[in-house]
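These figures come from a predicted structure and were not determined experimentally. Proteins come first, then strands; the chains are lettered A, B, ... in the order of their sequence lines, and each starts at number 1.
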Amino acid sequence: MNHVDGNALAGDLREIFAVDLTAATGQCSGCGYKGSVASLRVYQNAPGVVARCPHCEEVVLRLVRGRDRAWLDLRGTVSLEIPLP
Amino acid sequence: MPIVSPGFTGRRQSPDVQLPPGQYLAEDFPVLTAGPTPRVTTDRWQFTVNTEAGQRYDWSWQQLIELPAEKITTDIHCVTKWSKLGTRWKGVSLDVLLEDVETAADYALVQSYGGYTTNLPLEDLIDGQAWIAYRYDGEELTPEHGGPARLLVPHLYFWKSAKWVRGIQLLLEDEPGFWESAGYHDYGDPWREQRYQGD
Ligand SMILES: [Zn+2]
């Protein structure tokens with residue numbers, strides 16, 4: 001056995017999730033378009049926040065905030081390329 | 001208590017209004033949308049029921065409006081906490097549309113023009129609980145409110161009342177829809193305050 005458990009991700013994920021992600025480059029799983037998170041089309045008058053691809057209008061990100069939890073759904077995003085300071 | 005009262009035309013008096021827990025009374029009709037508003041003309045509009053066995057039933061706009069319609073006066077409750085009382089609709093009961101559909105399904109995934117989906121048990125769509133609504137407050141249903149036609153299932157939070165409805169997929173297994181797969185409750189009963197998963 002040469003894997004360790006998920007706790008080993010703590011440091012790397014803390015670094016990634018603490019940065020301003022609007023400068024990150026995302027790739028849409030619908031059409032493959034790559035663009036900055038800041039270029040997405042965001043719909044906020046909804047039960048959650050919905051961000052759509054500016055190229056094909058597919059949903060690339062959904063964020064729902066509950067009372068003590070949030071759900072981040074990125075199934076419409078192939079990957080995020082995140083600049084690090 | 002009867003939430004749906006077809007034929008009831010008056011408004012409830014506000015001092016005695018009973019709202020589901022956590023809701024407030026809205027006088028306007030907020031427009032919520034998770035994407036661009038689809039513009040579907042009635043000549044292109046179609047409503048389709050697909051069964052778990054692959055059988056397909058569909059209705060054109062003309063066929064829909066020739067079916068017996070009901071006037072519905074009902075309170076509606078949005079998960080974003082506004083409720084609106086005594087809203088007036090006209091539409092076709094799902095009992096009429098599903099009358100000749102042969103199915104053993106227990107679940108439904110409702111599908112909209114524009115890609116929105118929402119799921120609910122099939123039993124919540126029948127027995128006078130759900131309609132395909134095409135008029136609101138005496139007028140044609142506007143695109144902002146889901147026109148030409150939307151689902152109306154007022155005993156559940158209003159995200160279940162899918163705007164721009166285009167069909168229903170009947171299923172043997174439950175399949176979460178757009179909000180249900182992103183943290184919202186699978187069933188969404190406002191009187192039990194089922195907003196989020198785990199509520
Ligand atoms: Zn795209």
Determine, using the 4.5 Å side-chain heavy-atom cutoff (strictly less than), whether [X] and [Y] are members of one ILVMFWY cluster.
{"X": "V92(B)", "Y": "L94(B)", "result": "yes"}
{"X": "I65(B)", "Y": "L141(B)", "result": "no"}
{"X": "Y107(B)", "Y": "V101(B)", "result": "no"}
{"X": "W131(B)", "Y": "L97(B)", "result": "no"}
{"X": "V50(A)", "Y": "V79(B)", "result": "yes"}

Please check if the number of heavy atoms outside [X] that lie under 6.0 Å from its [atom1] is greater than 12.
{"X": "E140(B)", "atom1": "CD", "result": "no"}
{"X": "D5(A)", "atom1": "CG", "result": "yes"}
{"X": "E81(A)", "atom1": "CD", "result": "no"}
{"X": "E123(B)", "atom1": "CD", "result": "no"}
{"X": "F17(A)", "atom1": "CZ", "result": "no"}

Among the listed options S181(B), G198(B), C78(B), G115(B), the residue most often paired with chain A at heavy-atom distances under 4.5 Å: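 If we count pairs closer than 4.5 Å to chain A, S181(B) comes out on top.
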Heavy-atom pairs under 4.5 Å with chain A, option from W159(B), Y157(B), Y184(B) with the top count: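 Most heavy-atom pairs under 4.5 Å with chain A: Y184(B).
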Straight-line distance of R67(A) CZ to D199(B) CG, nearest 0.5 Å: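 Reported value, rounded in 0.5 Å steps: 4.5 Å.
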Approximate separation, where rounding is to 0.5 Å, of T37(B) OG1 and Y43(A) OH: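 That separation rounds to 8.0 Å.
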Segment of [X] engaging chain B (4.5 angstrom heavy-atom cut-off):
{"X": "D73(A)", "result": "side chain"}
{"X": "V59(A)", "result": "side chain"}
{"X": "R65(A)", "result": "backbone"}

Chain A contact residues among residues 163-180 of chain B, heavy-atom distance under 4.5 Å: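 Residues F178(B), W179(B) are the ones that qualify, each having a heavy atom under 4.5 Å from chain A.
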Expected output: side-chain R52(A) to main-chain P36(B) donor-acceptor under 3.5 Å: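 Checking the backbone N and O of P36(B) against the side chain of R52(A), no donor-acceptor pair under 3.5 Å is found.
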For chain B, the option from P47(A), G66(A), G48(A), A70(A) that forms the most heavy-atom pairs under 4.5 Å: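 Heavy-atom pair counts peak at P47(A).
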Residue pairs involving residues 47-83 of chain A (criterion ring pair (Phe, Tyr, Trp, His ring centres under 6.0 Å); sequence neighbours excluded):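 Of all non-adjacent pairs touching residues 47-83 of chain A, those that pass ring pair (Phe, Tyr, Trp, His ring centres under 6.0 Å) are Y33(A)-H55(A), W71(A)-Y196(B).
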Nearest atoms (heavy-atom pairs only) where V31(B) meets N45(A):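 Smallest heavy-atom distance, with atoms named: O-CB, 3.9 Å.
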